[in-house]
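Below is one structure; the comments refer to it alone.
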Amino acid sequence: MRRLIMLLCLVALVATGMSQRSTAYAAVNKPVLAFYYPWYEYSDWNPARMADLPAEPYSGGEDAAIARHIQQADDAGIDAFICTWYGPNEPRLNERCGKLLNAAAGRDFAVTFIPDQAADFTGTLKNPQGMIDSLRLLRERYMGHPNWLRWNGKPVIVFWNLPSFGDVNAWRAVKQAVDPHHELFWLGEGVNFNYLDVFDAIYFFDITWAADPASALTSYGRNLAAYNQSRGAARPFIATVMPGYDDSRIRSGHVVRDRANGDYYRRAWQAAIDKNAQAVVITSWNEWFEGSQIEPSRTYGSLYLDLTRDYVGRFKNAGAPAPAGSRRFDETGQVVSGRLLEFWNQNGALPVFGLPLEPEGERQTLDGAYRMQLFERNRLELHPHNPRPYDVLLGRLGTDLLYKQGRPWETLPREQPRPGCRFFQETQHNICEPFLSYWRSHGLEFGDRGVSFRESLALFGLPLTTPAVETNPDGDTVLTQWFERARFEYHPQNPDPYKILLGRLGAEAGP
């Protein structure tokens, strides 16, 4: 997010009781919300009706399931759940949304309800007076809870499919009856931006009609800008991100949007960042019937929570100034500071280490707990007890990934010395061209003349494999050789000096 001006204040969530951080939802900048559906029973989990199934089946009313979902969402950087609610006369969801709100107590996590009049089979929310009475009940019974979602200091109430209830005048009458002094934040849904005459913001529930999610958000932005210009208003940009969509097992007519193993979700998030959105709505946490869930599943495991964690960091940090002595990387939203930034700059920077993928922090290794930061191609570890330049060490990610692949280097075939190559007795492997020149010309900066053997060894480590043609995680089939701290790849079609590239071991290893 670059050059956010006054609109940024519209998305500061200011909870009541901010002095009691242990019992109140803390204010956050640029909130991330996810639709939450508490209606599931064990009988619902059926592959004939769903494109995927949860990693852990559950009933939506189980305390353990609710606690697990809040923990997972909170860990992934999501700020709040939007709980589907059919009004006070439908006891099952009424109870479960209440349990969800209470389960968030004591955490920096919020909950709001979405009165779904379109699906309410009791008829309560379809009736104007029933909707008014239900919203008044929400104000009296739930909105005073310290973990109720707030936006710019106001309790948030979310709505879906506005035309299914009525036109702009119908909603204006409801709002006048429930909130005559505009003490709530009204967040509506749809493609008719005239509803912004009543609502404080509008979002798209579904963007998967577009093969490119950026085009859906471009359409949204164009309509929002036209409304704001025509009314002299400043309604905020609410981006929607989705992993895909597949409801083909329960209905027909909707476009099935392939997830592309996370690529659709990545592009949706990047579009939200590029469009300077002030908030993000995730459709959805657990809409399994429509196949839009990011909850851990049998097919994808925790992939979508990992992606969410990554992109939430980029979204929230984009455009913010870096602290003194630091550099912010807008590509990932991460900051590199102090000694690690100095080391990154002095020893090859972007081509050698890549972009930062997570914040600097203390993590446990087999050798002890150290402060470290993960980059695309390696992990930098702080060892302040060591003298410079050994106070920063590189992770042995090449070794680690070979083990994870079930290929420990000690079990792989060895070599004999070969003419024109550099042989390493320690591992009984050679480094030959086209990799030898690259290995010799790059190294950590120890102050030696040129690039010394010890500097190259410190950067890349010993060779662990014989060069062989392999397919990397990006789908490139290339000549490859593994080292303790790197993977060399030969891309002969690239111009010099990019024929030798380093594998993205940090990204592949993960946190």
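Geometrically, R107 does not engage F109 in a cation-pi contact, judged by NZ or CZ lying under 6.0 Å from the ring centre and within 45° of the ring axis. Remark: R259 qualifies as a cation-pi partner of Y304 under the 6.0 Å distance and 45° angle criteria applied to the six-membered ring.
Residues in residues 472-487 take part in these salt bridge (charged side-chain N to carboxylate O under 4.0 Å, His left out) pairs, two or more places apart or across chains: R396-E484, R487-E489, R487-E508.
Under a 4.0 Å N-O distance rule, the pair D246/R257 does not qualify as a salt bridge. Taking the charged nitrogens against the carboxylate oxygens, R339 and D391 do have a contact shorter than 4.0 Å, which makes a salt bridge. Taking the charged nitrogens against the carboxylate oxygens, E433 and R422 have no contact shorter than 4.0 Å, which rules out a salt bridge. Under a 4.0 Å N-O distance rule, the pair D52/R298 does not qualify as a salt bridge. The residues K404 and D400 are annotated as not salt-bridged, no charged nitrogen and carboxylate oxygen being separated by less than 4.0 angstrom. Of the charged side-chain nitrogens involved, at least one lies within less than 4.0 Å of a carboxylate oxygen, so that E376 and R504 count as a salt-bridged pair. Contact check on E342 versus R388 returns a salt bridge, with a Lys/Arg side-chain nitrogen under 4.0 Å from an Asp/Glu carboxylate oxygen. For the pair D79 and K316, the salt-bridge criterion is met [side-chain N within less than 4.0 Å of a carboxylate O].
F329 and W344 have perpendicular rings, their planes meeting at more than 60° on a 0 to 90° scale where under 30° would count as parallel.
The 12-atom threshold is exceeded at CZ of R407, counting heavy atoms of other residues, nucleotides or ligands nearer than 6.0 Å. Heavy-atom contacts from other residues, nucleotides or ligands closer than 6.0 Å to CD of Q416 number 12 or fewer.
The ring of F35 has its center no closer than 6.0 angstrom to the ring center of W288. Ring centers of H69 and Y58: under 6.0 Å apart, within the cut-off. Aromatic ring centres of F453 and W439 lie closer together than 6.0 Å. Ring pair F488/F460: centre-to-centre distance below 6.0 Å. You'll find the ring centres of W269 and Y264 outside the 6.0 Å limit. For an aromatic pair to be called close, the ring centres must be under 6.0 Å apart, and Y220 with Y203 fails this. In this structure, the ring of F289 has its center no less than 6.0 angstrom from the ring center of Y37.
Using modelled atom types, no side-chain atom of E358 and backbone atom of P356 make a donor-acceptor pair closer than 3.5 Å.
Under the 3.5 Å distance criterion, with hydrogens and angles disregarded, a donor-acceptor pair is assigned to the side chains of Y403 and E410.
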- request: List the steps, then state whether side chain to side chain donor-acceptor pair (under 3.5 Å) holds for T471 with T477.
  value: CA-CA 4 Å; T471 301; T477 301; 2.8 Å; yes
task: Take Y265 and Q270, measure what side chain to side chain donor-acceptor pair (under 3.5 Å) needs, and give me the verdict at the end.
output: CA-CA 9 Å; Y265 195 57; Q270 191 57 54; over 6 Å; no
message: One pair to check against salt bridge (Lys or Arg N to Asp or Glu O under 4.0 Å): R454 and D448. What are the steps and the verdict?
response: CA-CA 9 Å; R454 69 169 185 150; D448 298 348; 2.7 Å; yes
- prompt: Could you walk me through whether S284 and S292 pass the side chain to side chain donor-acceptor pair (under 3.5 Å) check?
  reply: CA-CA 6 Å; S284 64; S292 68; 3.0 Å; yes
message: Applying side chain to side chain contact (heavy atoms under 4.5 Å, CB included) to L101 and W148, what does each step give before you reach the verdict?
response: CA-CA 7 Å; L101 178 61; W148 186 273; 4.0 Å; yes
Check: residues 496-503 side-chain donor-acceptor pairs under 3.5 Å, at least two apart:
| residue | atom | partner | partner atom | Å |
| --- | --- | --- | --- | --- |
| K499 | NZ | P492 | O | 2.9 |
| K499 | NZ | N494 | O | 2.7 |

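We find the OG1-CD distance between T465 and E470 to be 6.5 Å, quoted to the nearest 0.5 Å. The line from CG of D44 to CE of M50 is 5.5 Å long, rounded to the nearest 0.5 Å.
Every residue meeting the ring pair (Phe, Tyr, Trp, His ring centres under 6.0 Å) condition with Y390, not counting sequence neighbours, appears here in chain and number order: F446.
R266 is listed as a side-chain neighbour of L307, based on a closest heavy-atom distance under 4.5 Å.
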